[in-house]
Student: 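Got a structure for you, questions after.
Quick caveat, the model's predicted, so the values are computed rather than measured. Values below: every heavy atom of this structure, side chains too, minus hydrogens, waters and symmetry copies.
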Amino acid sequence: MVLLAFSLLPSPAGAADKPVTKRLRMDECFNAHTNVAAETLDAANWMIFNQQGRLEDMPETPAALIALYRAHDPKRTRNGVIVFSNTHSIPDEKKETESMSPQLTKLYRLKAWRDAENKLVEALVTEANKEGVPVWINTTRYVGNRVATFQLLTDPKLTLKK
C-alpha cells in the first residue's frame, strides 16, 4: 500500500514555505496512535501497535516513544513517525464527520479531549525536532488501501534529510 503525504494545513513554526510531499508505504512507517487515557476524557496517551495490529507498547513520554522508534527495524522507521488520530488534524467537514460514531463525535467536539491530544502531539513534535525525527499526522480519517493525506508536523529543516 502506498500513501501520498503532503502538507495542506498551516505549517508549524520554522517549517518550509512550500508544502512537503512524500510517498509513504505503511510498512515503512513507525505508527503512533493517540488514545484516551482517562474516563473524564481529558488526558491522552500513546499506543504503539505492531505490524499485525497488536498492542506493542504504551510509551509514557515523547523520549520513550522516540527510543522505541529508534529500536525498530530501519525499514519500518525510514520515514519517521506517523501519528494516527481520528480527531487531531481532521477537518470539520461533512465527509469526515458523518461517519463518526457517537463516541468519536463526542471526542471530536470535546475541548478537554482536543486540548489533551494537542498537548500530547506538541510534546512529541518538540522532542522529535530536537532528535531530528520527522513526525507526520493524518489529515483524513480514511487511510486504508487508498491515498491518504499527511501533514509534516516537525520542522523540515531539522527533521528531513536532503
Side-chain angles (χ1 to χ4, degrees), residues 1-16 18-38 43-91 96 99-100 104 107 113-114 116-162:
M1 162 177 28
V2 177
L3 298 177
L4 177 65
F6 64 100
S7 172
L8 289 176
L9 301 177
S11 298
K18 294 182 180 179
V20 176
T21 302
K22 185 170 181 145
R23 289 196 171 274
L24 300 172
R25 291 180 49 87
M26 292 308 296
D27 59 352
E28 295 176 353
C29 300
F30 181 83
N31 304 305
H33 298 256
T34 62
N35 181 58
V36 175
N45 65 4
W46 294 110
M47 296 178 75
I48 309 299
F49 295 94
N50 65 20
Q51 295 286 330
Q52 293 73 41
R54 292 195 177 105
L55 182 62
E56 186 175 299
D57 210 323
M58 295 178 73
E60 294 184 17
T61 66
L65 191 149
I66 290 174
L68 283 171
Y69 159 82
R70 291 210 163 131
H72 274 83
D73 181 334
K75 181 181 179 191
R76 186 173 177 204
T77 62
R78 75 175 70 179
N79 293 305
V81 175
I82 303 291
V83 172
F84 279 101
S85 169
N86 280 308
T87 56
H88 187 279
S89 295
I90 305 302
E96 293 292 346
S99 65
M100 289 181 178
L104 187 53
L107 280 178
W113 163 249
R114 300 300 293 265
E117 188 179 39
N118 285 338
K119 183 178 174 184
L120 183 76
V121 172
E122 287 170 11
L124 176 61
V125 168
T126 298
E127 185 69 19
N129 276 327
K130 290 180 200 172
E131 296 293 326
V133 174
V135 174
W136 305 83
I137 193 160
N138 60 299
T139 59
T140 180
R141 291 184 54 237
Y142 303 100
V143 294
N145 292 325
R146 62 185 195 146
V147 174
T149 305
F150 289 84
Q151 178 182 349
L152 182 66
L153 295 178
T154 51
D155 184 339
K157 295 173 189 161
L158 299 174
T159 61
L160 295 182
K161 296 173 180 72
K162 299 283 179 184

Student: Distance from Leu65 atom CG to Asn45 atom CG, nearest 0.5 Å?
Tutor: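 With rounding to 0.5 Å, CG (Leu65) is 11.0 Å from CG (Asn45).
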Student: Mind listing the closest non-hydrogen atom pair of Thr154 and Pro134 along with its distance?
Tutor: OG1-CA, 3.4 Å
Student: Supply the atom-to-atom distance Leu124 CG to Glu131 CD, rounded to the nearest 0.5 angstrom.
Tutor: 11.0 Å
Student: Salt bridge (Lys or Arg N to Asp or Glu O under 4.0 Å): which pairs involve residues 51-67, sequence neighbours left out?
Tutor: Glu56-Arg76
Student: At their closest point, which heavy atom of Thr139 faces which heavy atom of Ile90, and how far apart are they?
Tutor: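 Looks like C-CD1, 3.8 Å.
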Student: Please work out which of the three classes, parallel, tilted or perpendicular, describes the rings of Phe49 and His33, given edges at 30° and 60°.
Tutor: perpendicular
Student: Please report the shortest heavy-atom distance between Asn138 and Val83, naming the atom on each side.
Tutor: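 It is OD1-O, 3.1 Å.
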Student: Taking all non-hydrogen atoms of both residues, which atom of Trp46 and which atom of Ala32 are closest, and how far apart?
Tutor: CE3-CB, 3.8 Å
Student: Arg114: what forms a salt bridge (Lys or Arg N to Asp or Glu O under 4.0 Å) with it, not counting sequence neighbours?
Tutor: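 Checked Arg114 against salt bridge (Lys or Arg N to Asp or Glu O under 4.0 Å); zero matches.
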Student: Just verifying a value: how many Å separate Leu55 CG and Met47 CE, rounded to the nearest 0.5 Å?
Tutor: 4.5 Å
Student: Just do the side-chain contact (heavy atoms from CB on, under 4.5 Å) check on Thr61 and Glu127 with the steps written out, would you?
Tutor: CA-CA 10 Å; Thr61 66; Glu127 185 69 19; over 6 Å; no
Student: Between Leu107 and Met100, is there a side-chain heavy-atom distance shorter than 4.5 Å?
Tutor: no
Student: Between Gln151 and Ser89, is a side chain to side chain donor-acceptor pair (under 3.5 Å) present by the stated rule, with each step listed?
Tutor: CA-CA 9 Å; Gln151 178 182 349; Ser89 295; 4.9 Å; no
Student: Nearest 0.5 angstrom please: Thr34 OG1 to Ile137 CD1, how far?
Tutor: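 Between atom OG1 of Thr34 and atom CD1 of Ile137 there are 7.0 Å.
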Student: Checking side chain to side chain contact (heavy atoms under 4.5 Å, CB included) between Asp155 and each of Asn129, Leu160, Val125, which is the one that passes?
Tutor: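 Considering Asn129, Leu160, Val125, a side chain to side chain contact (heavy atoms under 4.5 Å, CB included) with Asp155 is found only for Asn129.
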Student: Can you find a pair of side-chain heavy atoms, one from Thr126 and one from Pro62, that are under 4.5 Å apart?
Tutor: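 Not touching, per the 4.5 Å side-chain cut-off.
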Student: Could you report the tightest heavy-atom contact between Phe84 and Asn31, atom names first, then the distance?
Tutor: CE1-OD1, 3.2 Å
Student: Within a strict 4.5 Å, meaning less than it, do heavy atoms of the Phe30 and Val135 side chains meet?
Tutor: no
Student: Find the distance between NZ (Lys130) and CD1 (Ile66) and round it off to the nearest 0.5 Å.
Tutor: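 Answer for the NZ-CD1 pair, Lys130 versus Ile66, is 9.5 Å.
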Student: Shortest non-hydrogen contact from Thr87 to Trp113?
Tutor: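 Closest heavy-atom pair between Thr87 and Trp113: OG1-NE1, 3.0 Å.
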Student: Closer than 3.5 angstrom, by distance alone: can the side chain of Glu117 be matched with the main-chain N or O of His88 as a donor-acceptor pair?
Tutor: yes
